[in-house]
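Counting starts at 1 for both ligands and their atoms, following the listed order.
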Amino acid sequence: MKYEPVIGLEVHVQLKTKTKAFCGCPTEFGKEPNSQACPVCLGFPGSLPVLNKAYLYYAIKTALALNCAIQEKHKFDRKNYFYPDLPKNYQISQYDLPLAKKGYLDIAIENKIKRIRINRVHMEEDAGKLIHQEDLSLLDFNRTGMPLLEIVTEPDINSPNEAYEYLTSLKNLLEYLDVSDCDMEKGSLRCDVNISLRPEGTSTLGIKTELKNMNSFKGVKDSLTFEIKRQQEILTEGGKLTQETRLWDDQSCSTLPMRLKEEAKDYRYFPEPDLPLFINDAKIIEEIKKTIPELPHQKLERFIKAYGLSESSSKILIANKKDAAFAEECINEWPDKDKRPVVNWLIGPLIFESNNRKCNISDLNIPGGTFELINLIKSTEDEKISNLTAKSVLSESLDTAKTPSQIIKEKNLEQVSDVENLNKIAQEVIKENARSVSDYKQGKDNAIMFLVGSMMKKSKGKANPKTAQEILREILNTD
Ligand code: ADP
Ligand code: ZN
Ligand code: MG
């Protein structure tokens with residue numbers, strides 16, 4: 001029997017407020033353990049939480065960008081469980097009245113748009129961090145009470161690849177919104193994965209497992225690929241799956257059982273008595289809506305329409321907000337209507353250099369800035385230097401902090417296109433290569449390339465090959 005994977009993702013994203021969700025502790029990363037904790041986030045008796053306004057605004061902004069309906073009323077609940085990193089023994093979360101419901105995110109998959117429905121978006125605080133050492137474990141409560149947003153999809157995802165695309169698109173959206181630094185290494189973006197199989201063509205949901213502990217999008221993809229195979233084998237042998245939580249292990253590239261899946265009733269949810277029911281004001285929502293910038297899919301459309309770019313080039317250019325702004329600056333500075341030369345440079349040599357240097361194209365810091373870059377590209381268009389030379393000039397410029405034009409001048413790299421000079425070199429080459437000349441005259445057209453090559457050598461690579469060839473042909477054909 002053929003099985004179809006059914007996947008739902010729960011993404012936790014830390015919103016970049018200056019202070020925590022319900023207290024005034026700072027949210028800076030990497031500070032001395034337990035230096036950013038107070039009676040409220042540690043749950044001391046008598047302390048009371050107060051909702052951080054910026055947290056609510058960022059949450060609404062994100063939910064709106066995910067096309068969700070902001071609920072008129074939302075409230076906080078206590079999710080009760082014991083764990084050493086949870087000093088209050090409960091987490092403030094949202095249960096039956098979440099901030100927002102029913103949205104969607106469109107992703108591009110195999111040149112088609114697929115809509116992934118969002119089930120709910122709710123706010124919840126983070127727990128602390130347990131640091132395990134050889135014979136003891138340490139606790140750091142700096143993360144306790146950090147403002148998280150949980151974004152839960154419907155089970156609309158059907159392959160590891162789609163899950164990867166969804167996460168990439170979501171991260172891109174969050175970066176555009178400027179609501180989170182989305183750094184998986186710092187734990188600002190975490191993802192739990194729910195996966196089950198069902199016979200292809202059927203619609204009832206199978207028994208799912210929940211995967212945790214993936215620390216990259218690739219980890220999510222790999223864990224799904226592994227888990228699909230594991231479930232498939234069990235089902236094919238007529239076995240039964242158990243609903244459980246499994247841990248992804250990066251080392252062995254496999255999932256290991258962690259615990260049986262707990263259910264909502266295990267958490268004894270009840271309304272947080274120290275926070276009121278919140279009513280969302282339509283006016284404020286409208287105000288927040290206005291702060292949403294141009295989003296990735298809108299930018300993509302505009303790049304295609306306004307600049308006549310292809311969809312694939314545009315996609316590369318908008319993949320990152322800063323790079324998109326940089327690309328747009330270059331495109332606008334490009335003097336010609338046809339933007340292809342500059343776009344080809346952006347998605348060609350510039351991406352190549354940025355990959356080598358493990359940074360974004362906007363962080364390459366080209367000496368002389370976009371002005372120099374545009375000039376460099378322009379000189380290849382005007383055939384003052386060859387494309388190959390221009391690429392190595394760019395590379396050298398990045399290494400040495402000299403501007404491209406400085407390098408071209410110092411090394412005297414401009415191609416020789418002036419006819420007089422090239423004519424002289426052509427005459428010499430013709431004199432020195434009687435064999436190729438006679439080959440050419442007898443109809444071996446290829447022989448011309450050898451002569452062009454000789455001209456290139458003589459000019460130390462500076463002859464414009466196209467002009468050189470034209471001049472050679474003219475001399476030889478009129479001889
Ligand atoms: P739980 O109560 O176990 O947390 P939820 O209904 O809240 O489950 O769903 C959590 C996530 O799991 C959602 O993204 C949802 O789409 C997904 N999901 C639910 N049931 C299944 C299933 N049978 N197979 C795959 N994913 C599922
Ligand atoms: Zn605090
Ligand atoms: Mg759930």
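By the criterion of a heavy-atom distance under 4.0 Å, neither the backbone nor the side chain of N119 is placed next to ligand 1. Only the backbone of E154 comes within 4.0 Å of ligand 1, judged by heavy-atom distances. Residue V152 touches ligand 1 through its side chain alone, judged by heavy-atom distances below 4.0 Å.
To the nearest 0.5 angstrom, E72 atom CD is 10.5 Å from D281 atom CG. Rounding to the nearest 0.5 Å gives a distance of 9.5 Å between CD1 of I288 and NZ of K61.
Checked by distance only, ligand 1 and G206 come closer than 3.5 Å through their nitrogen or oxygen atoms. At under 3.5 Å, a nitrogen or oxygen of K208, whether backbone or side chain, sits near a nitrogen or oxygen of ligand 1. Between Q243 and ligand 1, not a single N/O pair is under 3.5 Å apart. Residue I7 places no N or O, backbone or side chain, under 3.5 Å from any N or O of ligand 1.
Ligand-side atoms of ligand 1 in range of L9: 14 (O), range being under 4.0 angstrom from any heavy atom.
In this structure, the ring of F22 has its center less than 6.0 angstrom from the ring center of F76.
To the nearest 10 degrees, the angle centred on the Zn ion (ligand 2) between SG in C23 and SG in C41 reads 110°. Around the Zn ion (ligand 2), the angle linking C25 (SG) with C38 (SG) is 100°, rounded to 10 degrees.
Judged by distance alone, with hydrogens and angles left aside, the side-chain atoms of S314 form no donor-acceptor pair with the main-chain N or O of F303 at under 3.5 Å.
Contact check on R357 versus E353 returns a salt bridge, with a Lys/Arg side-chain nitrogen under 4.0 Å from an Asp/Glu carboxylate oxygen. Comment: K221 does not engage E162 in a salt bridge, judged by the lack of any side-chain N to carboxylate O separation of less than 4.0 angstrom. Using a 4.0 Å cut-off between a side-chain N of Lys or Arg and a carboxylate O of Asp or Glu, R78 and D274 qualify as a salt bridge.
Cation-pi contact between K391 and W345: absent, since separation from the ring centre below 6.0 Å together with deviation from the ring axis within 45° is not met.
In the candidate list V11, V193, D192, T153, T153 is nearest to atom 13 (C) of ligand 1, counting heavy atoms.
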